[in-house]
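Have a look at the structure below, then the notes.
Not measured: the values here are computed from a predicted model.
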Amino acid sequence: MNSLLTRLPEWLTTVPYDGSRIPGSPGDPAAGANCQVYAYAVLRHFGLAAPDLRSRELWHDTASTSPVAEPAPLDLALFNRTADPFGAHLGVWTDDDRVLHLCTEIGTPAVWTLTQFAARERYRTLIGFKRCHPAAARDQA
């Protein structure tokens, strides 16, 4: 199986965490990103036009994304202390039922299970999953 994770370019496996790099920030995400900028860069690598939205706006967005009950590869996963999407942590669902994400705790991209998120107070609540609309997809090269 050609895993989603094995198809990442090297730069998407070494991005340093930079909390000042929020969606819409100028600059190359390879130089540093927060969780949202990183997740959107992963989706764009796979040909999806992810919106540059902060967590709360992403959760309430219906123009570019839809909530889904069962995640599929490349769906976005939102985590927080509570079910409030404000300031929620964002990651990308993989094809092996884990979440690829970038957090300050690790400092570079990591892949965790839902159990690993639940074990941490700041990520203990899975708010839900969002999927980019098919109309947002671009042809892959």
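T65 pairs in a side chain to side chain donor-acceptor pair (under 3.5 Å) with only one of the listed residues (H60, H133, K130, R131), which is K130. Of the residues listed (L5, L4, L114), the one engaging R98 in a side-chain contact (heavy atoms from CB on, under 4.5 Å) is L5, and it is the only one.
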### T14 vs T108, side chain to side chain contact (heavy atoms under 4.5 Å, CB included): CA-CA, chis, key distance, verdict
CA-CA 6 Å; T14 60; T108 56; 5.8 Å; no

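Placement of L12 and F46 within a single hydrophobic cluster is found when ILVMFWY residues are connected by side-chain heavy-atom separations under 4.5 Å, directly or transitively. Taking hydrophobic clusters as Ile, Leu, Val, Met, Phe, Trp and Tyr residues chained together by side-chain heavy-atom distances below 4.5 Å, L126 does not share a cluster with V111. The hydrophobic cluster containing L58 also contains L100, counting ILVMFWY residues as joined when their side-chain heavy atoms lie under 4.5 angstrom apart, directly or transitively. A continuous path of hydrophobic side-chain contacts links L74 to L78 [ILVMFWY only; heavy atoms under 4.5 Å]. At a threshold of 4.5 Å between side-chain heavy atoms, the hydrophobic network of Ile, Leu, Val, Met, Phe, Trp and Tyr places F129 and L53 in two separate groups.
Taking 4.0 Å as the cut-off between side-chain N and carboxylate O, E105 and R120 count as a salt-bridged pair.
Residues C132 and P51 approach most closely at SG-CD, 4.4 Å, considering heavy atoms. Scanning all heavy atoms of the two residues, the minimum distance from P23 to N34 falls at CD-ND2, 3.9 Å. Nearest heavy-atom pair, W11 versus A30, reported as atom, atom and distance to 0.1 Å: CE3-CB, 3.4 Å. Minimum heavy-atom separation, Y123 to C103: OH-CB, 3.3 Å. Taking each heavy atom of I127 and W59 in turn, the nearest pair found is O-CH2, 3.7 Å. For the pair P109 and V15, the tightest heavy-atom approach, listed with the atom from each and the gap, is CD-O, 3.2 Å.
To the nearest 0.5 Å, atoms CG (L43) and CG (D75) are separated by 9.0 Å. D18 contributes atom CG, which lies 10.0 Å from atom OG1 of T104 (distance to the nearest 0.5 angstrom).
Using cut-offs of 30° and 60° for the angle between ring planes, the H89 and F79 rings count as tilted. Using a 30° and 60° split on the angle between ring planes, W112 and H101 fall in the perpendicular class, above 60°.
Using a distance-only test at 3.5 Å, with no hydrogens or angles considered, a donor-acceptor pair links the side chain of R124 to the main chain of R81. A donor-acceptor contact shorter than 3.5 Å links the side chain of R21 to the backbone of D28.
A heavy-atom distance below 4.5 Å is not found between the side chains of L90 and Y38. Contact annotation: the side chain of F117 never approaches that of T113 to less than 4.5 Å [non-hydrogen atoms, C-beta and beyond]. Considering only heavy atoms from C-beta on, Y40 stays 4.5 Å or farther from L48 through its side chain. Side-chain contact between V92 and L76 is present, with heavy atoms from C-beta onward closer than 4.5 Å.
Judged by distance alone, the side chains of N80 and T82 never bring a donor and an acceptor atom under 3.5 Å apart.
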